[in-house]
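Just follow the structure's listing: the first ligand is 1, and inside any ligand the first atom is 1. One-based numbering along the sequence shown.
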Amino acid sequence: MSPLLEVDGLKKHFPIHTGVFSRTSGQVYAVDGISFHIDRGETLGLVGESGCGKSTAGRTLLKLLEPTGGKIRVRGEDITDLDQDRMLPYRRQMQMIYQDPYASLNPRMSAGDIVGEPLIIHRVGTPGERRERVAGLFERVGLRPELTRAYPHEFSGGQRQRIGIARALALSPELIVGDEPVSALDVSIQAQIINLLMDLQNEYQLSYLFVAHDLAVVEHISDRVAVMYLGRIVEMTDKTSLFETPLHPYTEALLSAVPIPKYGARDRKRVILTGDVPSPINPPPGCHFHTRCPYAMARCRHKAPLLREIQPGHWASCHLHDAGVRFPLAKPGSE
Ligand code: SF4
């Protein structure tokens, strides 16, 4: 059976225009050939530093941005080149929750109208049925139904994110892309929203692509995790393998910066990442990570490593594995 969502070599490049004639003078390689799948009821966490292309990847696979290359399949159906009309049934199945619960809700619409708007756009139900559905969604996400008449500024950040979740659920989707959905919230509220998302997943067999930079949050909610660096996936596996045995130096560095005790973080060597993420306009040749990698070798500067299955179900792109070097190199207790 085909996965719910398959992404194959997906690319999103943004042209850079300069001069009075708006000549194309370069490209931003925001997403540069990523592949993964998400099964029904599964959560794939997509992590990386800010600017690595993870949010663009989420928007592109929903076709909120037109892909530059690659394929997107939903239950085996290729939706990459569908126009707006033919995308409509797929839009119902795939929804998004945004990072900023302040900016993502229209301040001039009541909360009830915001949640019910997708039902009107997709011509679902009568006005009475829509009102009932909206009230039910409010209750399901933990908001009192009488709050449908209130406006976004009357809600707290956590409540606004609940409105965003209710809106995403309105059309009974199968896949929700969460674009950093809890990173603008206080830590205590984050936990409530994460727990709500997990409850909804169990209840409706939802699939999530959970885009985040916070590894602790990703660890909590994900079944599998993909790590992105400068537009490419550098490692992907189930969350336990990733957190216990990272097979890419970039993942090792990310985990070292945010230790999670249950994965033996205290025994792990500290790896400090130097410098910022290079510009996606002119990414370093070869392995994009070579300018910051503590293990970089000569070949890393000109040859891009392939994403390979290093262990069953555990994919990584690093020449250390091609060279037969056992990774991780860090020995427990070798501070
Ligand atoms: Fe580091 Fe080279 Fe591996 Fe890239 S390929 S992560 S530069 S060792």
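The aromatic rings of Y151 and H153 lie parallel to each other, their planes meeting at an angle below 30°, with 60° marking the opposite boundary. The aromatic rings of Y29 and H13 stand perpendicular to each other, their planes meeting at an angle above 60°, with 30° marking the opposite boundary.
The other residues sharing a hydrophobic cluster with I281 are F14, I16, V28, L65, where clustering joins ILVMFWY side chains under 4.5 Å apart.
Annotation: protein N, O or S atoms under 2.8 Å of atom 2 (Fe) of ligand 1 (waters excluded) comprise C300 SG.
Tested against S317 for a side-chain contact (heavy atoms from CB on, under 4.5 Å), the candidates H248, M236, H288 yield a single pass: H248. Tested against V141 for a side-chain contact (heavy atoms from CB on, under 4.5 Å), the candidates I165, I193, I163, L197 yield a single pass: I165.
Using 4.0 Å as the threshold, H248 has a heavy atom nearer than that to some atom of ligand 1.
Around CG of D276, the count of heavy atoms belonging to other residues, nucleotides or ligands within 6.0 Å does not exceed 12.
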